[in-house]
Amino acid sequence: KDGQPIPLSQDDVQFVIDRYDDGIYLSPQFLGKLFQTIQQKGLTKNTIVIITTEHGEEFGEHGFLAHYDIFDPEIRVPLLIKIPGLSQKRINQQVSTVDILPTLLDAIGIRPPSKLDGKSFWNYLAEKKQIPENFRPYAFIERTPLMETLMFDSESADEKWLIDFLAEDGVNHYRDVAVRTKDWKLIFRESRVVQEKYSWWRRLSGDTTPIPEFELYHLSDTPLEQKNVIDVYPKIASELKRVLLHWIDAGADRRKLIPP
């Protein structure tokens with residue numbers, strides 16, 4: 001109304017959740033048709049099926065809808081792998097989506113290139129062994145580009161703040177990064193200054209709360225990541241900072257290859 005955002009009611013949020021649930025309901029129907037087709041064409045014994053998603057969704061847990069950030073509701077995704085001849089098995093340890101490619105290559109007899117970021121867990125599937133807890137002690141997450149870059153382009157932008165943001169982001173490629181263990185997550189807000197200035201959600205909500213540089217969440221205690229405990233566990237925060245900054249430095253040369 002009059003250019004001002006209208007707060008969503010709980011009924012509005014529930015409507016969005018219900019539409020999302022509709023999609024979940026339709027997914028098994030689609031997969032059933034896919035598996036039926038594979039069977040009809042006689043491909044069951046030589047077809048590997050991998051089911052995952054690129055992101056999850058938020059429904060107000062952190063004040064916004066959709067997939068805007070790198071909290072667990074957005075980055076924890078399902079992973080189902082159907083390999084002919086292997087019995088059902090559940091993986092309880094943390095793995096990453098970057099581990100899917102080397103695992104798939106191993107499964108079809110191709111040695112994964114050493115430069116891949118991921119680690120194959122094929123041997124644990126084929127030999128019916130439980131993946132050890134230290135298989136992937138750290139999973140790294142990167143949010144780039146920011147949502148404002150995906151929502152608009154320089155030709156459709158008609159507000160100065162957005163035009164300015166797109167110009168800056170085109171040069172700097174703003175991002176946030178995080179490291180996650182089984183029990184902890186540390187988020188490094190590299191983009192905090194530009195987010196405080198240009199964030200679409202902050203403009204809609206009127207939120208002017210300063211964005212912290214680092215956020216630490218104890219996933220076992222607060223799985224929704226709504227309580228930053230970085231001041232409570234300084235030693236854990238320090239160790240995860242060391243790990244995350246090392247990962248950032250290791251990828252600095254590749255990041256330079258991103259075109260302006």
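If you read the sequence from its start, that first residue is 1, and numbering goes on from there. Computed from a prediction, not measured in an experiment: that's the story for all the values here.
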Measure the acute angle between the ring planes of H218 and W184, then classify it against the limits of 30° and 60° as parallel, tilted or perpendicular. parallel
What is the minimum heavy-atom distance between T44 and K82, and which atoms define it? CG2-NZ, 4.5 Å
Look only at the side chain of E61 and the backbone of F59, and say whether a donor-acceptor pair between them is shorter than 3.5 Å. yes
Where the side chain of S238 meets the backbone of P234, is there a donor-acceptor pair that is under 3.5 Å apart? no
To the nearest 0.5 Å, what is the distance between CD1 (I24) and CG (D18)? 11.0 Å
How far apart are the closest heavy atoms of P112 and P102, and which atoms are they? CG-O, 3.5 Å
Between E74 and H55, is there a donor-acceptor pair closer than 3.5 Å when you use the side chain of the first and the backbone of the second? no
K241 side-chain N/O to L186 backbone N/O, donor-acceptor pair under 3.5 Å: no
Which distance, rounded to the nearest 0.5 Å, do you find between the CZ of F214 and the CG of N228? 11.5 Å
Would you indicate whether R76, at its atom CZ, is surrounded by more than 12 heavy atoms from other residues, nucleotides or ligands within a distance under 6.0 Å? no
Verify the distance criterion only: is there a donor paired with an acceptor across the side chains of D99 and S96 at less than 3.5 Å? no
Check: R202 side chain, T209 main-chain N or O, donor-acceptor pair, under 3.5 Å: yes
Have S9 and D11 got a donor and an acceptor in their side chains that come within less than 3.5 Å? no
Flag if over 12 foreign heavy atoms under 6.0 Å of CD, E133: no
Evaluate the side-chain contact (heavy atoms from CB on, under 4.5 Å) criterion for residues L204 and F64: first the C-alpha distance (whole Å), next the side-chain angles of each, then the deciding distance (0.1 Å), finally the verdict. CA-CA 10 Å; L204 286 177; F64 56 83; over 6 Å; no
Do K197 and E168 make a side-chain contact, defined as non-hydrogen atoms from C-beta onward lying under 4.5 Å apart? yes
Out of curiosity, does I70 fall in the hydrophobic cluster containing V77 (side-chain heavy atoms, cut-off under 4.5 Å, transitive links)? no
Would you check if the side chain of E142 reaches a backbone N or O of R175 as a donor-acceptor pair within less than 3.5 Å? no
When you compare the side chains of Q195 and Y174, does any donor N or O come within less than 3.5 Å of an acceptor on the partner? no
Treating Ile, Leu, Val, Met, Phe, Trp and Tyr as nodes and any side-chain heavy-atom pair under 4.5 angstrom as an edge, say whether Y233 and I230 lie in one connected cluster. yes
Given the rule that I, L, V, M, F, W and Y join up when any side-chain heavy atoms are under 4.5 Å apart, are I110 and L86 in one cluster? yes
Determine yes or no for a side-chain-to-main-chain donor-acceptor pair under 3.5 angstrom, with T181 supplying the side chain and Y138 the backbone. no
Under a 4.5 Å side-chain heavy-atom rule over Ile, Leu, Val, Met, Phe, Trp and Tyr, are F30 and I50 clustered together? no
Report yes if the side chains of I91 and I81 come closer than 4.5 Å at any heavy-atom pair, otherwise no. no
Mutual orientation of the aromatic rings belonging to Y124 and F135 [parallel < 30°, tilted 30-60°, perpendicular > 60°]: perpendicular
What residue pairs, at least two apart or across chains, pass salt bridge (charged side-chain N to carboxylate O under 4.0 Å, His left out) with a residue in residues 215-233? K185-E225, R189-E215
Just how far is it from atom CG of D169 to atom CG of D164, taken to the nearest 0.5 Å? 12.5 Å
What distance do N92 atom CG and Q94 atom CD have between them, rounded to the nearest 0.5 Å? 12.5 Å
What do the steps show when you test F121 against Q93 for side-chain contact (heavy atoms from CB on, under 4.5 Å), and what is the final call? CA-CA 11 Å; F121 51 86; Q93 305 306 327; over 6 Å; no
Using a 3.5 Å distance criterion without hydrogens, assess whether the side chain of H67 forms a donor-acceptor pair with backbone atoms of I75. no
Test: R143 cationic atom under 6.0 Å from Y68 six-membered ring centre, within 45° of axis: yes
So F165 and L146, do their side chains get closer than 4.5 Å, heavy atoms only? yes
Roughly how far, to the nearest 0.5 Å, is CD1 of I108 from CH2 of W122? 10.5 Å
Within this structure, what is the CZ-CG distance for the pair F188 and L245, rounded to the nearest 0.5 Å? 6.5 Å
Kindly indicate, with the supporting measurements, whether the criterion side-chain contact (heavy atoms from CB on, under 4.5 Å) is fulfilled by V232 and L216. CA-CA 9 Å; V232 182; L216 178 69; over 6 Å; no
4.5 Å side-chain heavy-atom contact, T47 and P84: no
A side-chain contact here means heavy atoms from C-beta on lying under 4.5 Å apart; do F71 and I187 qualify? yes
Test item: Y20 and E57 side chains (from C-beta on) under 4.5 Å apart, heavy atoms: yes
Can you tell if the side chain of L224 reaches within under 4.5 Å of the side chain of Y217, non-hydrogen atoms only? no
Common cluster, V16/Y25, ILVMFWY with side-chain heavy-atom separation under 4.5 Å: no
Apply side-chain contact (heavy atoms from CB on, under 4.5 Å) to the pair L65 and L8, showing each step before the final yes or no. CA-CA 10 Å; L65 303 177; L8 295 178; 3.6 Å; yes
Has K89 got more than 12 heavy atoms of other residues, nucleotides or ligands less than 6.0 Å from its NZ? yes
For the residue pair R19 and D22, establish whether any side-chain heavy-atom pair is separated by less than 4.5 Å. yes
